[in-house]
Amino acid sequence: MAAFDLIIKGGTVVTATDTTTCDVGVRDGKVAALGRDIGDGDREIDATGKLLMPGGIDSHCHIEQVSGMGVMCADDFYTGSVSAAFGGTTTIIPFACQHRGDQLRAVVKDYHDRAGPKAVIDYAFHLIVTDPTEQALNQDLPALIRDGYTSFKVYMTYDGTKLDDFQMLDVLSVARREGALTMIHAENWDMIRWVTKRLIDGGNTAPKFHAISHPQVAEGEATNRAIALGRLVDAPVLIVHVSAEEAMEEIRLAQSKGLKVFGETCPQYLFLTMDDLDKPGAEGAMFCCSPPPRDKAGQEVIWRGIQNGTFQVFSSDHAPYRFDETGKLKAGPNPTFKQVANGVPGIELRLPLLFSEGVGKGRIDLQRFVDLTATAAAKLYGLHPRKGTIAVGADADIAIWDPDKKVTVNWDMLHDNVGYTPYDGMELTGWPTTVLSRGRVVVADETLQVDAGSGEFLPCDKPKSAEPLGRIVPEVDPKRNFGAEILF
Ligand code: URP
Ligand code: ZN
Ligand code: ZN
């Protein structure tokens, strides 16, 4: 009998800390041994000349979700997870999104019903909290956190989703008490809607004005406020989809003071600019997302944040809408920028883009690549060490990369249901050619090898990232402090 169900021979194993050429033995879906001459497997993959990296974890993606504007995503849990897998991602953490009036427990059940029969890779859920009622705060959230939904996103913007500062504090204090991490979409809604009204009233309605309507200062101000709100109640926060210098500097400053403030950025802020929104007719709508892409100089700023560690995670924020009446053009063929569903696709290209432009161009090394795309997310969201690394005992979620494979991006080669890609025509070097999830070959020979519904739900542990610092209202002299416990 062979020692392993599967052995991957001769590849170079890359983790967030090391690069080693060795064989990988897989038994019962887990990495069972790493080394040379470790024995044989019932199945063998020759990975000579290839890189073995942990399958990516996409910790920010919208799948089979109805947006705040009432538009259904183009990808369901089948196309979304298949597309992720072809791009080297083996775990997704999409959102179970509460719309106002929804009961959180029912929302979670609903998303399980959507994902269970369709996902081909493993998945967890973040919650989106838009209606922090007494029931949600005191009963549903604590129970759901205990059941493995240990992170939630809140919005400081959009009419349908925005929480005010009072509500944010309520949510943050529940997160602190129960051990969950709060992800924050930080943009100042009043600034955005004020500028939007002026633009629309003046007849400036084309997609390119979307970028003007979401100024950097709106993102910077809200990021500053989000950090302050977290500080007041000593709750760690993660600022999602950071697009620009003002917000990034707020995060960096907070981190330099020792606060538990985490940052996420996304491909659209490295590879797109606001000029992409200035396409003929309504075509710029394909590039409308919030916050919007900025300019060329701003892309370099985001690279700096990736290099200097301000950003821990690089997620896709895959928010897929077709360029037709079901998606971007739901309001008609010539919508005002205000009527366009926000979001861009990117679940399949997230890793190839960062590999080619980051590792390939010498901006980051392989360790940083793995950390940004897999390991850090696993740690931040309570999935480590089961996910996010290649180590004995971890799930055998492995993307085997051909670092020299050259690809010119076009939508036909992708597996999502969007109909276009914002990255059309980009020439990339490096591609995941074989992708394993729990030792199962999910993608090989450019073909899907598994059935719909073979992905598994992952309950998340309460992550260390969510543990408070123990510094409540730090300005207060402890001798005169009544004891911060009276706040909770
Ligand atoms: O424009 C974006 N990012 N759309 C997706 C929803 C969100 O806010 O993440
Ligand atoms: Zn958002
Ligand atoms: Zn998003």
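Values in this document were obtained by computation on a predicted structure and should not be read as measured data. Just follow the structure's listing: the first ligand is 1, and inside any ligand the first atom is 1.
The contact set between ligand 1 and H60, taken as ligand atoms under 4.0 Å from a residue heavy atom, comprises 9 (O). The C289 neighbourhood of ligand 1 comprises atoms 1 (O), with distances under 4.0 Å to a heavy atom of that residue.
Summarising the geometry, atom CD belonging to E456 is positioned 12.5 Å from atom CD1 belonging to I121; distances are rounded to the nearest 0.5 Å.
Within the 2.8 Å limit, H62 places at least one N, O or S atom next to the Zn ion (ligand 3). Residue contacts to the Zn ion (ligand 2): V240 brings no N, O or S atom closer than 2.8 Å. Among the atoms of H185, no N, O or S atom falls under 2.8 Å of the Zn ion (ligand 3).
For H60, the N, O or S atom with the smallest separation from the Zn ion (ligand 3) is NE2. Residue-level check: among N/O/S atoms of D317, OD1 sits closest to the Zn ion (ligand 3).
The protein heavy-atom contact nearest to atom 4 (N) of ligand 1 is N342 O, 3.1 Å. Of all protein heavy atoms, the one closest to atom 1 (O) of ligand 1 is S290 N, 2.7 Å. The nearest protein atom to atom 3 (N) of ligand 1, hydrogens excluded, is given as D317 OD2, 2.6 Å; this is a heavy-atom distance. Nearest non-hydrogen protein atom to atom 9 (O) of ligand 1 is K153 NZ, 2.8 Å. Shortest contact from atom 8 (O) of ligand 1 to any protein heavy atom: H185 ND1, 3.0 Å.
Separation of the H62 and H318 ring centroids does not fall under the 6.0 Å cut-off. Taking the six-membered ring for Trp, Y381 and H126 have ring centres closer than 6.0 Å. Taking the six-membered ring for Trp, F355 and F369 have ring centres closer than 6.0 Å. The six-membered or imidazole ring of Y269 lies away from that of H241, with a centre-to-centre distance of 6.0 Å or more.
In summary, R105 and D147 engage in a salt bridge, as defined by a charged side-chain N under 4.0 Å from a carboxylate O.
Below 30°, between 30° and 60°, or above 60°: for Y123 and F77 the angle between ring planes is between 30° and 60°, a tilted geometry. Using cut-offs of 30° and 60° on the angle between ring planes, the pair W303 and F271 is perpendicular.
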